[in-house]
Visitor: 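Shown below is the structure under consideration.
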Amino acid sequence: MSDLNRLTIASARDGLRKGDFTSLELTEACLSAIEAAGALNAFVHNTPERARQMAAAADSRIAAGEAPAMCGIPLGIKDLFCTKDVPSQAASRILDGFLPQYESTVTQNLWDAGAVMLGKLSMDEFAMGSSNESACYGPVVNPWKVDDRQLTPGGSSGGSAAAVAADLCLAATGTDTGGSIRQPAAFTGTVGLKPTYGRVSRWGVIAFASSLDQAGPMTKTVRDAAIMLGAMASVDAKDSTSAERAVPDYEAALTGDIRGKKIGIPREYRVEGLSAEIDALWHKATEMLRDAGAEVVDISLPHTKYALPAYYVIAPAEASSNLARYDGVRYGRRAKLGAGDGVVEMYEKTRAEGFGPEVQRRIMIGTYVLSAGFYDAYYNRARKVRALIKRDFDQAFTAGVDAILTPATPSAAFGLGEMAGKDPVEMYLNDVFTVTVNLAGLPGISVPVGLDRQGLPLGMQLIGRPWDEGNLLNLAQSLESAAGFTAKPSRWW
C-alpha cells in the first residue's frame, strides 16, 4: 500500500470504487512521500490534517455510492490559488501571512467533486518565470537529474510539475499565462493542459496578466487530464471572462480514433536554437500521428516571430496594473517605517522589499509601455500583433486543420542557476513555442514523447481549436499511446 501515491487518477478512482484501498490510505501514502521529498522543495504549505479530514469525508461518499470521478483523489494546489484559511501568497514576500477567507472557484469545484488537498505548491513569484527560481521559498528542484547537476522543473508551475513527476500527489493544479503549465510539464515528463481562455474560472486565482491567465491540470496521463479538467471547469458568474458553455465529458471523448484528423505543422516554429534532438522527435511524433490515421499538412503562421515581443509587452503591462493593489495597506507584508515616513514612503519601501527582482523588472516594463508617449508605440502595437497572431490560427482552423503539432520547449531542462547573470531575454526564449497559444486564447497540451541523450524528458505540444479540448485530448492520448513514454526519474531525494 506504500506505493499508492504512484497511481494515476483513473487507476486510483477505479481502486477506490472497488474497495481495494481507501482515500485515507491513498492520502497517507502521498503525505509520506511529501515528507520524504523535502530536497525537492515542491510543497511549501502542507495541510496534512485537512487532507485526512477530506479523505475521510470522501471515503464516506464512496461508501454511499456518491463518488464523482475526483472523489478521494489527493492533489497539490499551486500557491496562486486562494484556499480558505490556508496561506496563499503567490510565492511572494509581499503576501506573507495572507490567509484568504474564501476559496477560488477552481479549488471549490475540486473539493465539491471530493478531491483532497495535500497542501500548496511552490511557483515562480506571481507566476513570472520559467525556472521556479524566483520563489520566496527558494528554488524547486526537478526530480529528474543528470549526474550531480540539479535541474529546473520549469516555471511558473514548477512545484506542481515536480510534485506530479515525483509521485508526491496524483495530480496538481497549474496556471498558464505564456506556457507555465506546458513548459514545466515538458521538463518533468508529465502532461500539462492549458484550456481555452474562459473555460476555467479565474476567480480566486491571484492575477498576473488577466487576458492571458488560465488554470489547468497537471497530471501523469492524458486520461487524468481529461478527468481533472472536467472537475475544474465551470461557468462562473463571479468571472466576467468565464464562457457560457456546458462542460463536456472529456473522458468520453478519448475514443482513440483519430483517422481523418488533419494535423498542421507550422514552418515558422523551426526556430534558430532548436535542439536537434527535439527537431528529430518532432518528426517522429508527426509520423506517430500519421501512422494512427491522421493527415499531416504543412501550414504557415506568419506572425509567429512577433509573438514573444508582443507577449512581453502585453503581459508586463497587465501585471503592472494588477500588482498595483499590493501596497501594504490592506493585507500582506508592510515594511517598517521611519519616524518621518508617510504613505508614499510606506508604498515605496513595502513594494521594494516585497517584490523580487523579476517581478520588479516586469512591473517597470509594464509601467513604461503604458506611460504617456509610449502607449501607442508599444502597448497598442502589441495588441494589433496579437490580433494578427489569432487571425493566423483562425485561418489554419478554417482551412480544416484540427490541431497543430509543435515542440513544447526548445530544449530539455537546464541547470538551476545556469541563467543567473545572463540577459533575461535568454530565459524568456523558453516560451517561444507556447506564448502564441495564450495570445490567441487557444487550448494547448504538452505530452511527454521521449528522452534526450542525457536521459531527460522531452515534450511535444498539440494546439487545438477553441473550445475543442475533447478532440485535443483524444489526439494527445493517441500521441501518448504511440510514444509509450513510461520513464520515471530515479529516486535520489
Side-chain angles (χ1 to χ4, degrees), residues 130 176-183 186 194-198 208-214 241 262-274 278-279 282 286 296-319 362 365-366 368-370 374-410 424-446 460-468 472:
S130 302
D176 193 311
T177 305
S180 287
I181 286 175
R182 291 160 289 150
Q183 185 248 27
K194 178 243 174 240
T196 308
Y197 183 81
F208 165 11
S210 300
S211 75
L212 301 164
D213 298 342
Q214 189 66 186
T241 63
K262 188 178 288 188
I263 308 298
I265 307 296
R267 63 178 66 98
E268 290 81 7
Y269 279 56
R270 301 193 186 284
V271 298
E272 183 179 348
L274 178 65
I278 289 181
D279 191 41
W282 190 7
T286 301
V296 177
V297 296
D298 290 328
I299 63 169
S300 177
L301 300 171
H303 294 94
T304 295
K305 64 182 177 181
Y306 304 116
L308 210 58
Y311 173 85
Y312 279 102
V313 169
I314 292 170
E318 295 186 14
R362 298 200 195 193
I365 291 170
Y368 177 80
V369 301
L370 291 175
F374 298 102
Y375 186 90
D376 286 330
Y378 292 103
Y379 185 67
N380 262 348
R381 186 172 294 183
R383 289 174 61 202
K384 291 174 182 176
V385 170
R386 179 180 190 172
L388 293 172
I389 289 167
K390 184 178 185 304
R391 189 179 70 180
D392 288 347
F393 282 107
D394 289 344
Q395 289 175 343
F397 292 132
T398 300
V401 169
D402 293 288
I404 296 166
L405 178 69
T406 79
T409 59
V425 173
E426 288 192 43
M427 183 73 84
Y428 299 163
L429 289 171
N430 276 282
D431 302 329
V432 67
F433 298 126
T434 52
V435 296
T436 53
V437 178
N438 300 80
L439 290 168
L442 301 172
I445 187 169
S446 176
M460 286 289 122
Q461 175 181 230
L462 281 162
I463 304 167
R465 297 172 178 267
W467 315 113
D468 198 15
L472 179 67

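Hydrogens, waters and symmetry mates play no part in the numbers below; they use all other heavy atoms, side chains included.
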Visitor: If we ignore hydrogens and angles and just use 3.5 Å, is the side chain of T434 paired with the main-chain N or O of G178 as donor and acceptor?
Guide: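 Side chain of T434 to backbone of G178: a pair is present.
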Visitor: Quick one: closest heavy-atom pair of A408 and S446, and the distance?
Guide: CB-OG, 3.6 Å
Visitor: Side-chain contact test, heavy atoms from C-beta onward, threshold under 4.5 Å: evaluate it for P443 versus D468 and give yes or no.
Guide: no
Visitor: Please name the pair of heavy atoms, one in I299 and one in A396, separated by the smallest distance, quoted to 0.1 Å.
Guide: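 Smallest interatomic distance, heavy atoms only, reads CD1-CB, 4.3 Å.
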Visitor: Walk me through it: do Q395 and L301 pass the test side-chain contact (heavy atoms from CB on, under 4.5 Å)?
Guide: CA-CA 9 Å; Q395 289 175 343; L301 300 171; over 6 Å; no
Visitor: With distance as the sole test, does Q214 use its side chain to make a donor-acceptor pair with the main-chain N or O of K194 at under 3.5 Å?
Guide: no
Visitor: Could you grab the distance from atom OG1 of T436 to atom CD of E268, nearest 0.5 Å is fine?
Guide: 11.0 Å
Visitor: Which pair of non-hydrogen atoms, one from I314 and one from S211, has the smallest distance, and what is that distance?
Guide: CG2-OG, 4.4 Å
Visitor: Given 3.5 Å as the limit, does a donor-acceptor pair link the side chain of R465 with the main chain of F397, or not?
Guide: yes
Visitor: To the nearest 0.5 Å, how far apart are CZ in F374 and OH in Y368?
Guide: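 These two atoms lie 3.5 Å from each other.
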Visitor: Report the C-alpha distance between Q461 and V437 in whole Å, list the side-chain angles of each, state the deciding distance to 0.1 Å, and finish with yes or no for side-chain contact (heavy atoms from CB on, under 4.5 Å).
Guide: CA-CA 10 Å; Q461 175 181 230; V437 178; 3.7 Å; yes
Visitor: Using atom types as modelled and distance alone, determine if a side-chain donor or acceptor of D431 lies under 3.5 Å from a backbone N or O of G179.
Guide: no
Visitor: Can you tell me how far OG1 of T286 sits from CG of L405, rounded to the nearest 0.5 angstrom?
Guide: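 L405 atom CG to T286 atom OG1 measures 5.0 Å (nearest 0.5 Å).
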Visitor: Roughly how far, to the nearest 0.5 Å, is CD of E318 from CG of L370?
Guide: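 Rounded to the nearest 0.5 Å, the CG-CD separation comes out at 9.0 Å.
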Visitor: Quick one: do S130 and Q183 satisfy side chain to side chain donor-acceptor pair (under 3.5 Å)? Show the steps, please.
Guide: CA-CA 8 Å; S130 302; Q183 185 248 27; 4.6 Å; no
Visitor: To the nearest 0.5 Å, what is the distance between CG on L388 and CZ on R383?
Guide: 13.0 Å
Visitor: Could you walk me through whether D176 and R182 pass the salt bridge (Lys or Arg N to Asp or Glu O under 4.0 Å) test, one step at a time?
Guide: CA-CA 8 Å; D176 193 311; R182 291 160 289 150; 2.9 Å; yes
Visitor: Can you name the closest pair of heavy atoms from I463 and T406 and give their distance?
Guide: CD1-CG2, 4.2 Å
Visitor: Roughly how far, to the nearest 0.5 Å, is the OG1 atom of T304 from the CZ atom of R267?
Guide: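 The OG1 atom of T304 is 11.0 Å from CZ of R267, to the nearest 0.5 Å.
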Visitor: Would you indicate whether the side-chain heavy atoms of F393 and L439 approach each other to under 4.5 Å?
Guide: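 Counting from C-beta outward, L439 and F393 never come under 4.5 Å.
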Visitor: For residues Y269 and L274, determine if any side-chain heavy atom of one lies less than 4.5 Å from a side-chain heavy atom of the other.
Guide: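 Sidechains of L274 and Y269: no contact.
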Visitor: Does R362 use its side chain to pair, donor to acceptor, with the backbone of P316 at less than 3.5 Å?
Guide: no
Visitor: Please give me the minimum heavy-atom distance between G464 and L472, naming the atom from each residue.
Guide: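 Answer, listing the atom of G464 first, then L472: N-CD1, 3.7 Å.
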Visitor: Side chain of D213, backbone of T177: donor and acceptor closer than 3.5 Å?
Guide: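 Here the side-chain-to-backbone pair does not exist.
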Visitor: Tell me the closest heavy-atom pair linking K262 and A399, and the distance in Å.
Guide: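 Scanning both residues completely, I find the closest heavy atoms to be NZ-O, 4.0 Å.
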